[in-house]
Amino acid sequence: MQQRRYLYFTAFVSGLVSLGVELAASRLLAPHFGDSHLVWAAIISLILLYLTAGYFLGGRWADRSPRPATLYSLAAWAAFLVGVIPFVARPVLVLAAQGFADYNVALLAGPFVAVLLLFSVPVTLMGCVSPFVIRLLMEEVEGAGGVAGRTYAISTAGSLLGTLLPVFVLIPLVGTRNTFVVFALLLLAVALIGLFRSAPKRALLYLAMPAVVVILALLLRGQPIKQQEGAIYETESSYNYIQVVERNGWRYLYLNEGQGIHSVYRPDQRRVGGTWDYFLAAPFFNPPPFAPDRIHSLAMIGLAAGTIPKEYTAFFGPIPIDGAEIDAEIVRVGREYFAMDEPNLNIVVTDGRAFLDRSACTYTVVGIDAYRLPYIPWHLTTVEFFQSVRDHLSTDGVVVVNVGRTPGDDRLVETIAATLAAVFPSVHAMDVPASFNTIVVATVQPTAPENLLVNRALLSDPTLQQIVDEAWATLRPVGSGGLVLTDDRAPVEMLTHAIVVGYVFR
């Protein structure tokens, strides 16, 4: 009876580790390849392929060698290989950073495939465990169905726990590399105990495996996940790999693969340039006369480290600002490294749409900076969402959205503009120079682009005048005929994948 229970326990732990490794694999790749649906699709499909191969091979292997020692030996090898994956993958992943910098397809695809191949042997071996356990538990053919059902039910229960542990416990507490180490040591402990029961001499030889894994973890402790010039801090959250970089007195917030700067800060600068400045120009699309003192409040969805609220406070005074950011760790980093401590800023750690649904406030400006190719939260792109935004705007309110694009491909911009036009009477667009960004502005009142020039004459701040001049110079016509997104149909992922893949291959 004790042997049977331990076999079931082995199936449970194997299921836990196999799903845990899948979740950890996505975090291992995210700092170098991002966390898009393309990456997830590749991980899930290959993990399923490896498990399928393991189920097939495990059944045949168990028939040829139906001994507990064989089962625990293969489990030990699976665990050992899981433990060394992050350390073996490291030099391969270094090539990926260069590939992203140069948009070199070979340097992007090569390391991606190489790292995923590292999972082939350990995941295939873990796939062997359940059919092997079933074979060892089989005593009578009449009980085969019950044995198989219990084994797969127990293994699936382990998989359920394996999906929760990495996201909510291990990765936030010990990081991605040590998550692999924890899973490896857990499965190794199960395998070694089983070996000591069934083949003590072989178990002594396998004691070197946990020692190697622990030594690698200790030797490489403290090494950065991803090297970048000027990096002063990095961490992992439940949502992102977060990195703070300092160059020439400026601090930059990078997330995941680091191809977009999500926040920027320098203590002696009111304006930071680029995309963030264009958010300041948005209210002046209103019918003139519209002076800065008519800007009474701001809601920021996609707060990051607070660059836009900091600029709004610097130019328009301590107006009430609500900032919604889903990642609490980014908020902590913003406070510690980006001086996100304005007394007029109220930070709400939640999803942007949930924030609006619960808010009873009315705003002059709602800013949305939660779109970064290929990370487009579809539920923040639909008619229903923008209707909720409009419901929270004053009669002279505006919504301003940062939308990603690639040279020669404005499909996403046109789609967001068309969706906004289904809710708002006027939509305007500004292409930010030397970037992959277009700022799209929609107004509650009917407005004309020329309003910018008229309201510019009312500004007394020369820096704000300069920002509005730059916004005017980058105005472009908004294309018509874009797809209108709804909660029922919002194929944003298909659109962004086509844009990104098309750009890379061009």
Side-chain angles (χ1 to χ4, degrees), residues 34 36-38 103 259-262 274-285 300-302 304 308 352-353 365-387 389-390 398-443 447-449 451-452 470-487 489-506:
S36 71
H37 288 82
L38 287 172
Y103 288 99
Q259 290 309 295
I261 300 173
H262 292 256
T275 303
W276 301 276
D277 288 355
Y278 284 72
F279 278 73
L280 296 170
F284 301 106
F285 278 98
M300 193 68 220
I301 295 174
I308 293 169
R353 187 160 175 175
V365 181
V366 172
I368 301 169
D369 196 15
Y371 306 169
R372 293 278 184 175
L373 285 174
Y375 310 108
I376 309 294
W378 71 268
H379 66 296
L380 301 183
T381 68
T382 66
V383 167
E384 291 85 351
F385 168 67
F386 289 126
Q387 184 60 58
V389 171
R390 181 166 180 166
V398 301
V399 55
V400 50
V401 188
N402 181 14
V403 185
R405 59 177 167 82
T406 60
D409 195 333
D410 288 335
R411 284 177 290 175
L412 184 59
V413 175
E414 292 174 358
T415 297
I416 297 299
T419 306
L420 283 165
V423 178
F424 295 89
S426 300
V427 179
H428 313 281
M430 301 166 283
D431 286 340
V432 181
S435 78
F436 293 160
N437 301 94
T438 295
I439 303 301
V440 181
V441 178
T443 57
T447 56
N451 292 351
L452 265 181
E470 293 171 6
W472 169 258
T474 60
L475 270 171
R476 42 79 64 89
V478 178
S480 60
L483 175 68
V484 175
L485 304 174
T486 67
D487 282 354
R489 182 169 180 259
V492 175
E493 293 88 354
M494 293 178 61
L495 180 60
T496 56
H497 294 164
I499 293 171
V500 172
V501 171
Y503 177 73
V504 169
F505 280 91
R506 283 197 302 271

Does anything in residues 419-432 pair up under salt bridge (Lys or Arg N to Asp or Glu O under 4.0 Å), and if so which pairs, sequence neighbours excluded? R405-D431, D431-R476

Show every salt bridge (Lys or Arg N to Asp or Glu O under 4.0 Å) that has at least one partner inside residues 433-443, sequence neighbours left out. none

Out of curiosity, T443 OG1 to N451 CG, how far, rounded to the nearest 0.5 Å? 8.5 Å

By side-chain hydrogen bond (donor to acceptor under 3.5 Å, both in side chains), which residues pair with [X], not counting sequence neighbours?
{"X": "T381", "value": "none"}
{"X": "E384", "value": "none"}
{"X": "D369", "value": "N402"}

Quick one: ring-ring contact (aromatic ring centres under 6.0 Å, His included) partners of F285, sequence neighbours excluded? H428

Tell me the closest heavy-atom pair linking [X] and [Y], and the distance in Å.
{"X": "A442", "Y": "L420", "result": "CB-CD2, 4.1 Å"}
{"X": "A417", "Y": "V478", "result": "CB-CG1, 3.2 Å"}
{"X": "A370", "Y": "P377", "result": "O-CD, 3.3 Å"}

Going by side-chain contact (heavy atoms from CB on, under 4.5 Å), name the residues that satisfy it together with [X], two or more places apart in sequence or in a different chain.
{"X": "I261", "value": "Y252, Y254, W276"}
{"X": "P425", "value": "R390, P446"}
{"X": "P433", "value": "Y278, T474"}

Name all residues meeting the salt bridge (charged side-chain N to carboxylate O under 4.0 Å, His left out) criterion together with E470; count only those two or more places apart in sequence or in a different chain, and write none if there are none. R271

Where the side chain of T419 meets the backbone of L485, is there a donor-acceptor pair that is under 3.5 Å apart? yes

